[in-house]
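A short worksheet on the structure shown next.
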Amino acid sequence: MKHTKKKLKNTMLNAMLVVLLLLLLVLMLLTWGNVLQQAGWNGMWSSSVAWFGDGGYVKRAGDAPATYPTSIAMTDESGTLIGVVYNESTLGSFYVEIAPLMSGALQQVTQFIPTSEGALLSALQEETIVMQYSTAIPMRLLHGWLSAQNAADLPDTAEMLLLTRSGELFIRSDSEKGDLYMAQISIDDANWVTTSQNIMGTAVHYAGLQPSASYQGLYAESLITDAPTQYDVLQMEIPDFGDPEDSNDLQTLLQAFGYSAYAQYDIAEDGETQIFVENYSTLEISPTGKIQFQATAMTGGLSDDFKNDEDSIDSVIAQVDFSQELLTSVLRAVGSTAGTMLQAVQTVSEDTCVLQFSQVVNGIPVQTTENHQFAQFKFQNDVLISAELWICTYASSDEKLYIMPEKQAAASIQDGKLHQYQIAYMETDADGRVLPVACLQ
């Protein structure tokens, strides 16, 4: 009898659990039904599907740089300037180490004032951190990438940031004009010491502190390496999405622009370019590597849905993030792991912005001609309405080349102005080889 009562008690408990589970399921269905009724099935699908074919939107806060410095350095605990120059494999980790110090400095700034090359030269003799970019980066983007929340009156752009341990922050805004600014801030000395112990790189030197007069044509903060460096010669190939036997993934490319993986297409008058038409937009894919997206109406544009809080993220930062994610997906379609770099931001009008990107191979930018920009995106009211890309892949060959060292490049300067020494891939010969070259900006 006692065993029977215990069995009956267990049965009642199990029944109660089943009832509770059923009630929970009913509640969930009612909740989802209400949401679906408000948004509609189509609205629910469009808010959860990925534009980029990667399983979902990557909702970002604008703190992942679309452009890393090409050169970076810091004085280590022994007093030696340690840096990374055009080296993709180590630059990222170096950047992560010094970013908190640079972020803390930017957050303290209340005002930048114009300063002189002489003041900068004096600062270089102290313990320093320097970040140098190959192009002028809008300060609003750098603020976001470095998670600096201060909204001080900043210069529009920056090509170089230099921070001293004594608390001076220098910004070179425009290398062509030579605009230089400085602000006084305070440094967390304990963090400075810890960071200087963690950095890894090679010994570098500031051009302005070299005894030789040969470097006088370079900006004082230019980083000089101890020995000539060899760089890979690249081999360029253009993908062929029209070849059914080619390994390039046309479906991934289509999904990157919000098209169905099985979208129908027409052939252009040249007999080769594929033209896809869907959702009030067109997508043209040419065997020359040119990809052109054009919205024929605002509803056909691609919206940066991860910008869901206008108060928390700058609209240009959102557009840069959106473009970079799209580029990553496009490059994935051709099997490329090359990086990308924001090259320019052009404000056409109050509601229209144009972004230009370059490719980066092994930390070195690939410069293209004005008529063949790697990628250009046009946004209107935070909607991508057009895009033009010239897609190709780069592979390192077995060949390496020395480039003109900083000293020789500086000695060739005859215009009496200061220049920034840079390295880029920018010359393509008849065999499709892309050569590394030294250049002065």
Side-chain angles (χ1 to χ4, degrees), residues 58 60-74 81-106 128-148 157-163 171-173 175 195 198-202 204 221-223 225 229 231-232 234 314 316-317 319-328 331 336-345 355-368 374-375 394 420-426 436 439 441:
V58 179
R60 304 168 64 180
D63 58 354
T67 301
Y68 280 92
T70 51
S71 303
I72 193 167
M74 180 181 186
L81 188 64
I82 299 296
V84 177
V85 179
Y86 294 98
N87 189 323
E88 189 175 28
S89 61
T90 56
L91 191 144
S93 58
F94 203 120
Y95 178 90
V96 169
E97 290 291 344
I98 63 93
L101 283 170
M102 195 65 75
S103 173
L106 282 171
T128 56
I129 295 174
V130 65
M131 296 164 48
Q132 299 176 356
Y133 293 85
S134 65
T135 187
I137 305 296
M139 280 300 297
R140 61 200 290 192
L141 294 178
L142 286 176
H143 245 222
W145 298 340
L146 290 167
S147 301
T157 62
E159 293 188 10
M160 179 278 292
L161 291 87
L162 184 137
L163 179 63
I171 287 182
R172 190 176 297 284
S173 178
S175 63
T195 303
N198 293 335
I199 57 174
M200 296 183 64
T202 58
V204 293
E221 72 274 11
S222 300
L223 294 178
T225 55
T229 306
Y231 294 94
D232 289 338
L234 305 180
D314 185 285
V316 174
I317 293 178
Q319 292 165 14
V320 169
D321 281 350
F322 182 88
S323 302
Q324 192 175 31
E325 290 290 340
L326 195 152
L327 278 175
T328 299
L331 290 174
S336 173
T337 58
T340 60
M341 179 185 76
L342 180 66
Q343 188 72 27
V345 177
L355 308 177
Q356 292 181 350
F357 286 79
S358 298
Q359 278 187 277
V360 179
V361 181
N362 301 328
I364 301 176
V366 180
Q367 300 293 345
T368 53
F374 164 61
Y394 298 98
Q420 183 181 12
Y421 176 87
Q422 295 185 357
I423 300 172
Y425 285 112
M426 60 187 306
C439 49
Q441 181 177 323

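Nothing fancy with the numbering, it's 1 onward along the sequence.
- Side-chain contact between T340 and F374: present, with at least one pair of heavy atoms (C-beta onward) separated by less than 4.5 Å.
- Residues meeting the side-chain hydrogen bond (donor to acceptor under 3.5 Å, both in side chains) test with D232, sequence neighbours left out: S396, K400.
- We find the OH-CD distance between Y86 and Q132 to be 8.5 Å, quoted to the nearest 0.5 Å.
- In plain terms, the two heavy atoms of V320 and A66 that are nearest each other are CG1-CB, 3.3 Å.
- Within the 4.5 Å cutoff, the side chain of Q319 has no heavy atoms near those of the V345 side chain.
- Looking at residues two or more places apart in sequence or on another chain, you find a side-chain contact (heavy atoms from CB on, under 4.5 Å) between S134 and T70, M341, P365, Q422.
- Here the CG atom belonging to L106 is positioned 6.0 Å from the CG atom belonging to L146, to the nearest 0.5 angstrom.
- Among residue pairs with one or both ends in residues 137-147, those qualifying as salt bridge (Lys or Arg N to Asp or Glu O under 4.0 Å) are R140-D314; sequence neighbours excluded.
- For the atom pair S71 OG and L91 CG, the distance stands at 8.0 Å (nearest 0.5 Å).
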Exercise. Please assess L142 against L161 for the test side chain to side chain contact (heavy atoms under 4.5 Å, CB included), listing each intermediate value before the final yes or no.
Key: CA-CA 10 Å; L142 286 176; L161 291 87; 3.9 Å; yes
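- Looking at heavy atoms from C-beta onward, Q441 lies in side-chain contact with E159 at the 4.5 angstrom threshold.
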Exercise. Could you give me the CA-CA distance, side-chain angles and deciding distance for T128 and E221, then say whether side chain to side chain contact (heavy atoms under 4.5 Å, CB included) is met?
Key: CA-CA 10 Å; T128 56; E221 72 274 11; over 6 Å; no
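- Two residues are said to be in side-chain contact when any heavy atoms from C-beta on lie closer than 4.5 Å; V85 and T229 fail this criterion.
- N198 and E97 get closest at one heavy-atom pair: CB-OE1, 3.5 Å.
- A distance of 12.0 Å separates OH of Y133 from CD of Q420, quoted to the nearest 0.5 Å.
- The minimum heavy-atom distance between Y68 and Y95, with the atom names listed, is CE2-CD2, 3.7 Å.
- Taking the side-chain hydrogen bond (donor to acceptor under 3.5 Å, both in side chains) definition, one finds that T225 meets it with E406, sequence neighbours left out.
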Exercise. Any chance you could lay out the side chain to side chain contact (heavy atoms under 4.5 Å, CB included) test for L223 and L81, step after step, and finish with the verdict?
Key: CA-CA 10 Å; L223 294 178; L81 188 64; 4.0 Å; yes
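- Residue L342 comes nearest to W145 through the heavy atom pair CD2-CH2, 4.3 Å, listed as atom of the first residue, atom of the second, then distance.
- Scanning all heavy atoms of the two residues, the minimum distance from Q343 to S358 falls at OE1-OG, 2.9 Å.
- Looking only at distances, a side-chain donor or acceptor of S173 sits under 3.5 Å from a matching main-chain atom of T157.
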Quiz item: side chain to side chain contact (heavy atoms under 4.5 Å, CB included) between L327 and Q324: does it pass, once the steps are laid out?
Solution: CA-CA 5 Å; L327 278 175; Q324 192 175 31; 5.6 Å; no
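- Contacts of S336 classified as side-chain contact (heavy atoms from CB on, under 4.5 Å), with partners at least two apart in sequence or in another chain: L331, V334, A338, Q359, T393.
- Here the CG atom belonging to N362 is positioned 6.0 Å from the CD atom belonging to E88, to the nearest 0.5 angstrom.
- Atom CZ in F357 sits 9.5 Å away from atom CG in L326 (nearest 0.5 Å).
- Applying the side-chain hydrogen bond (donor to acceptor under 3.5 Å, both in side chains) rule to T195 yields no partners; only residues at least two apart in sequence or on another chain are considered.
- Annotation for S93 and T90: closest pair OG-O, 3.0 Å, computed over non-hydrogen atoms.
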